[in-house]
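First comes the structure, then the notes that go with it.
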Amino acid sequence: MTDIEALYIFDAHNNCILEHVYASRPPPARTVLPLYLAHPSPRPSLLHLPNTTPPVLLYSLVQDQLLFLSPHTSDTEPLLVLEFLHRVADALEDFLGSPLLASRIESRYDVVAQLLGEMCDGGLVASTEPNALRDLVSTESWVGKVMGGLGLPGASSFKHPVGPPPSLPPVPWRRANVRHTSNELYVDIVETLLVTLSPSGLPLRATANGTIAFTAKVSGVPDLLLSLTCAGGGKQAVEKTVRLPVFHPCVRLARWRERPGTLSFVPPDGRFVLAGYEVDLLAGRGLGGDVDIPTPNAVGSKGGSSGAAASAAKLNIPAAVEVQTGLGPSGSEFEVSLFLSPRSMSSSASSSSSSLGGASTPSGSGGSGGGRPGLNRGLSSSGSNPLAALSSFSSAGTSQAPTLSDILVRIPLPPSVKSLPEIRPSRGEAMFAAADMAVEWRIASREVTGLMGAGRSGGGRGAAPAATLRCAVVGMVSDDEDEEGEEEDGDAVGGGVAQWTGGRVAETWEYDDPSAMAVSYQNEPALTGQNKKRARKDAVEKERERDERRAKQNAVLMPSGAIVSFQVKGWLASGVRVESLNVDTRASRGLGAGVTPFKGVKYLTVSDEGVESRC
Amino acid sequence: MESISRISGMLEAARDLTLEAAHGASTARPARPPRPLPLPQLKKLLESRSERDVHDGLRRVLTMTLTAPRSATLPLFTSVVNQIASPSPLTRKLVYAYLLAHAEHAPDTALLSINSIQRALSDPNPQARATALRVMSGIRVPAISGIVALAIKRGAADMHASVRRAAALACPKCYALDPATGPSTLEEVIAQLLVDKAYWVAGAAVAAWRAVCPDRWEMLHPAYRGLVRKLVDMDEWGQIVTLRVLTTYVRRCFPRRVKRVRKQRVGAGVDEKGVTEAGAGAKNKVATEDDLKNFYGEDDDTQGRKEQEDAEGDESSTFDSPENYDEILQLDPDLDLLLRTSLPLLQSRNSAVLVALARLYSAVDSPTSTPQTSTYLDRAVGPLVALLRSPVDIQLIALHNIVALALSRPAPFVPYAAHFVQRASDPEPVSQLKLELLTLLFAASRPPSTPSDGTPTRALILAELAHAMRARRSPALVSAAVRALARCARAADPTTAAYCLRLLLAQLRAPDARLVGETLECVRVLVQLDPGAHARTTVVRLARSLDGAAAPMARACIVWLVGEFAGLDPADNIAADVLRVLVKGFADEDESVKAQIVLLAAKVYVHWLNVTKDEREGAEAAAAGKDRGAQQLGEQQSSINFLGGEDEGGFADNVFDTNATFTTTNATNDDGPKSSDPFADHPIPLLWQHTLLLARYDTSYDLRDRARLYRALLATPSSTELATLLLLAPKPIPHAPSPSEGHQHYVLGSASLVVGEPGGGADSVAGLGLPGYEPLPDWVEPGREPNPKLRDEGRGDEYSSEGRGAHVPASEKLDEAAAAQPAEKKANGLKEKSLDDWLEESEGEQESEREGSEEEETETEEETEEETSEEETEEEESEGEERDRLIR
């Protein structure tokens with residue numbers, strides 16, 4: 001019963017750069033790689049290869065362009081293996097530096113070999129905590145190399161004990177004898193937006209996945225207390241906002257249960273993910289009633305456009321798009337409008353997130369708040385030991401003035417599209433990436449700032465789009481082909497049926513048939529198919545019909561939605577913020593008296609292809 | 001949980017990273033990896049006196065080890081192993097890494113190294129001891145198995161937890177080396193380590209138990225309660241294996257006792273939450289408990305323990321269910337302890353732990369759920385859904401598990417329906433699973449008791465499926481959406497079903513022929529489900545679309561539908577006319593369509609025969625046998641006149657012997673009977689004849705055979721019973737299973753669940769899974785379970801003394817201990833102490849450890865306590881401190 005049998009790592013060109021077998025005799029890397037590559041992309045993380053000897057399950061992970069493969073000859077827990085692969089990647093990155101590059105692995109095989117040996121012992125996962133590994137794995141950093149010659153211990157923040165540590169650390173996730181000359185604590189909260197807007201502009205789903213990353217560079221064994229709040233007020237708000245949390249093992253769960261929003265922990269040394277959570281941005285409103293079965297005709301109407309903008313503002317999304325399809329005489333054009341709502345960011349921290357927290361304020365009043373972000377009030381220091389106030393350390397994108405940047409709108413197109421003869425963005429640059437069948441429309445940060453300024457001064461809530469992109473589409477099928485198709489068979493079954501049954505069918509027809517044929521069929525049941533066709537072949541009618549027909553054909557080429565990616569520094573969609581971060585001096589050890597660590601907080605909201613508007 | 005590297009990537013400017021990557025790619029690649037040196041030069045490096053040269057040589061050797069085949073580095077074996085006694089820890093570690101990779105290939109030389117490793121086993125540094133044990137057991141040379149076993153035994157008695165942990169991890173390796181090497185020795189060691197009070201030893205011991213002696217369940221009995229209490233504090237990997245083992249243990253050792261209890265009072269002891277937080281719930285419900293005690297006094301007095309009462313207290317939630325009799329699952333107190341202690345793990349960051357928990361809860365839950373245990377499973381639902389925040393590879397596996405769980409119990413997932421909305425960036429397998437899940441949720445989304453909250457979920461799901469069809473991300477996805485929609489339509493109310501059908505019918509215009517075929521297949525099932533509602537509308541509409549539908553598969557399907565349902569109402573029947581139009585273009589149709597046209601013709605004819613039967617019988621009575629003959633003639637005529645070929649000959653000989661002679665005799669008066677027969681001129685028989693003729697000259701022998709069959713079947717117009725039976729029998733409605741239904745019986749969290757049946761053939765027995773798959777055992781029969789007294793901890797070790805009297809998780813107990821500590825005592829000891837003092841102390845402790853190694857037998861408990869806490873002085877206080885820190 002082994003957990004891990006082997007680990008193979010391949011670089012971006014699929015050259016095997018590492019092959020390490022833990023237990024039993026799985027097929028070698030050169031056997032499994034072609035089989036893995038033979039599977040069409042995107043490849044699932046678990047493949048069953050019945051044709052190797054012995055047959056294997058192949059787990060895979062792609063990170064930083066490196067491919068991690070782990071073959072297994074028996075049924076194991078897939079998630080265990082995948083989690084292990086993630087931990088290996090994290091550990092390698094921790095030791096070798098980020099990002100993980102093939103060259104870095106190749107130049108430090110001594111470290112890699114030790115790491116792999118310590119992380120998994122004879123097929124059983126042994127130790128994956130980065131801090132514990134730091135104690136177990138001897139590295140010789142370049143500083144150590146230089147200093148080692150002089151007989152001095154390496155003096156850097158990444159200091160490793162020269163000899164083996166005297167004994168094991170009291171907490172498994174923190175290494176012993178940590179010493180830092182400058183004591184620093186950083187809290188980084190990152191929220192990833194996942195928003196899907198229906199064609200009518202109403203949100204189908206709006207959540208933000210939050211991650212609290214923590215960087216602890218503090219001597220000794222500190223005991224920290226981190227308090228989160230929501231603008232809505234008390235602990236209740238936090239409990240309601242921060243849902244389904246998961247925690248690093250160091251967090252005392254009992255404390256969180258007693259007082260949600262309070263994280264009490266002894267941090268590992270260095271950087272780690274403290275907690276993850278998710279926020280339902282629709283909380284309070286819920287699904288109820290808002291979501292309607294979308295009617296196909298509502299797309300592209302004027303009401304729809306204001307809907308998208310309004311919902312973006314209501315949801316506190318700084319940017320949203322809307323797509324109108326089937327424009328132009330033959331319906332071969334589409335237009336993407338980008339809406340920015342700068343107010344949502346400035347007001348979010350105070351007023352609108354209160355509505356998120358479940359308070360009774362209707363969400364519509366979100367924009368009327370004073371716009372004081374309140375993120376940077378400075379943290380209350382506790383007790384007799386005044387601590388340094390938190391300060392935002394990034395120059396651009398502070399919480400007072402959140403900045404929106406890196407706007408990228410991606411419009412995936414159906415595979416039948418051949419080319420786009422016309423792409424006209426009103427701002428920024430747009431191009432058609434034929435490889436992944438999508439139009440990518442990029443707006444530089446400089447321009448975004450200008451747009452945001454305009455949006456503020458204009459004051460209208462998403463009244464007019466900040467920028468538009470218009471494209472024309474040409475499909476694989478040429479226009480000539482539909483001419484012949486137009487000549488319908490005179491004795492169509494439909495017409496014939498009418499003749500046979502004397503039109504009785506028409507009475508019971510319950511569907512609204514979009515095709516023109518249904519209309520004529522219902523209206524003129526007595527006519528034969530031949531007559532019907534002939535009657536309709538007036539010149540004007542024919543022209544119109546051809547346009548309709550083309551539009552119908554072009555409808556296949558229309559995009560089904562657009563996706564916006566962006567980044568907002570200094571702002572969180574959920575309105576969560578750090579209230580205080582205290583070192584419990586009584587519980588901590590090894591931190592010199594009177595030492596006050598520097599503390600910093602950073603907020604970041606990311607939409608990594610996260611805001612999706614359908615049409 | 002997101003991985004730290006991804007978060008770092010977001011936080012740091014992407015530009016910097018790419019620059020760095022580009023830099024790394026351009027400069028570092030050719031220069032950094034040391035160029036491979038020829039072997040003699042490497043050897044010289046390794047045997048150099050300079051430590052730096054040795055390092056350099058070892059680094060080069062390891063580079064080759066990880067990339068090149070073993071044969072390249074094997075010649076250096078002796079030179080490398082010579083360095084094993086090096087004073088430098090780095091050198092030793094590098095040598096160990098080399099040794100582990102190569103020992104198998106040079107067993108004799110490897111033995112040279114054993115001596116110095118053995119020396120390291122008694123190193124004063126516990127870490128060095130642990131490493132030595134790890135390396136020694138990792139040398140795959142069967143000859144040393146005896147020595148390894150001895151070393152393990154010694155390591156297991158080590159006072160330092162990390163060495164004991166290494167000993168536990170070494171057991172499977174020793175066992176694999178030589179399975180004959182005293183399993184008794186290893187089992188003894190494992191049994192000892194299972195009850196080890198250091199939580200991170202116990203986890204490794206369970207893994208060792210599972211690898212070495214997975215059938216010795218009796219070894220787990222004394223360790224059970226300790227393991228359960230240590231569960232929350234173990235490392236993630238220990239939690240995974242412990243949960244897995246305990247899940248099976250639960251099934252084997254706790255009989256499922258279900259008691260039917262007559263409900264007495266509505267509202268007595270109602271506790272909506274069902275599962276109460278450990279310990280806390282019991283206090284809140286004193287009154288309830290008293291009630292229950294009286295109540296259970298009537299028929300249940302087997303167990304008078306407090307745990308039992310607690311367990312029953314939880315059961316009070318069942319009292320508000322509507323039935324007169326409630327099924328109450330009686331949880332064994334030990335099982336209850338496990339379930340409650342494991343609850344905090346739901347906030348674990350490790351996805352495998354969460355799935356292992358879900359497996360435990362569902363194992364307790366099945367096969368018939370009760371309100372009480374189901375709440376445990378329901379609690380696992382949210383955290384499982386939260387796994388969708390993970391990287392995409394984990395998402396995929398998590399979704400497989402979620403789907404498997406939702407197949408049997410979709411209701412708790414309904415509130416999370418919005419989490420399964422498609423995203424344009426989802427890879428296809430993820431999207432497929434999401435679609436399937438949405439269908440499952442659709443069926444469950446309107447529980448009868450709460451009609452208000454079901455509807456928006458349904459609307460959401462339908463909108464989602466409609467979008468998936470419109471978005472056309474890939475053909476497979478669209479057809480998956482079509483099938484999902486059809487499954488929804490089956491579960492839906494009439495209005496929604498009509499909407500579903502409309503969405504499906506819109507797909508008929510799609511350019512993709514396969515998709516159209518798929519859609520029609522689904523429409524067919526829907527029509528079959530409710531022919532009355534669709535026969536006059538949907539089928540007619542479909543028939544009209546025959547003008548446009550190009551795909552043969554689609555046409556064939558429509559024709560079949562017309563034949564099957566259009567004839568239901570003889571007064572309003574379009575089938576004949578459809579046939580008329582189709583027959584015109586018969587020659588240009590695809591073969592499958594032709595076959596369906598012939599079938600349609602046969603059905604139309606049978607319908608006509610059935611309708612006109614009475615009239616015909618009247619006419620027949622009048623015209624005696626002549627009419628019959630004439631009618632027969634009408635059919636046989638053609639065969640005789642136009643064919644008369646050899647293939648027809650055999651046919652006539654066998655079946656229509658008498659008829660044939662009869663026909664030939666009447667062949668001359670062809671026109672006579674036909675004109676006199678009022679039915680012969682009817683268009684339907686004529687159409688039938690025409691179709692038969694068309695089929696007869698077709699190039700496909702299959703089609704000709706079919707036509708012949710139908711003709712034989714319908715040869716006698718007066719006796720249509722057989723034909724009716726064959727052609728108009730109600731067709732069974734095909735079952736449309738959810739795609740993952742075949743995998744459902746696999747245990748949650750297994751690879752078989754994801755991959756499914758390896759062979760996939762009919763001969764493979766369902767449930768076998770992949771090699772190494774372990775199904776869950778059935779519940780042990782009541783009366784055959786092991787005695788619960790076996791689980792009593794024999795000796796009063798720390799864990800039981802701490803946790804006695806209540807099944808409070810260790811963490812909470814520790815919390816209390818920390819709270820009880822007087823505050824000022826904490827303050828005065830530590831504040832003044834500087835780090836240096838502190839360091840000195842721990843060094844001092846180490847020395848005392850070294851001295852104390854002889855006394856370890858007597859003082860084991862104290863010593864180990866010291867080590868984990870790493871404090872020598874102020875023992876009590878630091879202990880409290882430690883606990884506080886360890887609380888999760």
Side-chain angles (χ1 to χ4, degrees), chain A residues 1 18 42 44-46 48 57 74-75 77-80 82-83 86 93 101 103 106-107 109-110 113 117 121-122 124-125 138 164 166 168 170 188 190 196 205 209 211 213 244 246-247 252-254 266 273 276 287-288 291 293-294 414 492-494 496-497 500 505 508 560 563 590 606 609, chain B residues 1-2 4-5 7 24 28-29 32-33 59 62-63 66 90 93 97 125 162 169 173 207 210-211 237 344 347 349 351-352 382 386 389 393 396-397 418 421 425 427 429 456 459-460 471-472 536 540 544 546-547 574 577 581 749 751 754-755 770-773 815 835 842 846 870 885 887-888:
Chain A
M1 285 304 132
L18 189 150
S45 47
L46 168 57
H48 184 233
L57 295 160
S74 65
D75 189 335
E77 301 195 38
L79 285 173
L80 189 152
L82 290 173
E83 284 277 355
H86 278 279
E93 197 168 306
L101 299 174
S103 58
E106 283 170 345
S107 59
Y109 273 122
D110 50 334
D121 183 11
L124 297 175
V125 182
S138 310
L168 277 162
D188 302 322
V190 181
T196 307
R205 175 206 188 175
N209 292 346
T211 307
L244 301 175
V246 293
F247 298 107
R252 294 172 182 125
L253 292 179
V266 175
V273 174
L287 282 171
V291 181
I293 296 173
V493 172
V497 171
W500 176 257
V505 186
T508 58
S560 64
I563 308 150
V606 177
E609 306 209 335
Chain B
M1 200 184 238
E2 290 280 5
I4 184 67
S5 59
I7 293 300
R29 176 164 264 288
R32 289 303 297 276
R59 197 170 292 130
L62 279 179
T63 304
L66 286 174
L90 175 57
K93 282 187 176 163
N125 183 343
S162 69
L169 288 174
K173 289 187 279 184
R210 193 159 162 258
W237 317 105
Q347 281 164 328
R349 62 172 170 171
S351 56
R389 309 199 295 247
D393 48 326
L396 176 68
I397 309 289
V421 164
S425 50
L460 172 89
R472 297 218 172 80
R536 286 163 60 99
V540 172
R544 205 149 21 75
L546 271 177
D547 289 342
I574 63 158
D577 198 55
V581 176
V754 178
V755 173
L770 300 165
Y773 171 76
D815 233 359
L835 182 62
S842 27
Q846 216 197 334
E870 211 193 331
R885 199 167 296 116
I887 289 159
R888 319 276 184 88

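These values consider heavy atoms only, across backbone and side chains, with no hydrogens, waters or symmetry-generated copies. Computed from a prediction, not measured in an experiment: that's the story for all the values here. Lettering follows sequence order; numbering is per chain, from 1.
- Taking both residues in full, the closest heavy atoms of Ala751(B) and Asp75(A) are given as N-OD1, 2.9 Å, listed atom of the first, atom of the second, then distance.
- Counting heavy atoms from C-beta on, the side chains of Arg205(A) and Leu460(B) never come closer than 4.5 Å.
- Looking at Val125(A), both its backbone and its side chain come within 4.5 Å of chain B, counting heavy atoms on both sides.
- If you measure heavy-atom distances from Ile563(A) to chain B, the contacts under 4.5 Å come from the side chain alone.
- In this structure, the portion of Glu93(A) lying under 4.5 Å from any heavy atom of chain B is its side chain and not its backbone.
- Val273(A) places none of its side-chain heavy atoms less than 4.5 Å from the side chain of Arg349(B).
- No other option in Leu62(B), Val754(B), Ile397(B) has as many heavy-atom pairs under 4.5 Å with chain A as Ile397(B).
- Counting heavy-atom pairs closer than 4.5 Å to chain B, the top residue among Val190(A), Thr196(A), Asp121(A) is Asp121(A).
- Interatomic distance, Asp110(A) CG to Thr63(B) OG1, rounded to the nearest 0.5 Å: 7.0 Å.
- Taking chain B as the reference chain and counting heavy-atom pairs below 4.5 Å, the highest number among Gly122(A), Gly117(A), Pro414(A), Ala213(A) is found for Gly117(A).
- Arg389(B) is not listed as a side-chain neighbour of Thr211(A), based on a closest heavy-atom distance of 4.5 Å or more.
- Of all the heavy atoms in Leu80(A) and Ala352(B), the pair that sits closest is N-CB, 3.6 Å.
- Only the side chain of Leu57(A) has a heavy atom closer than 4.5 Å to any heavy atom of chain B.
- The nearest pair of heavy atoms linking Leu124(A) to Ala207(B) is CD1-CB, 4.0 Å.
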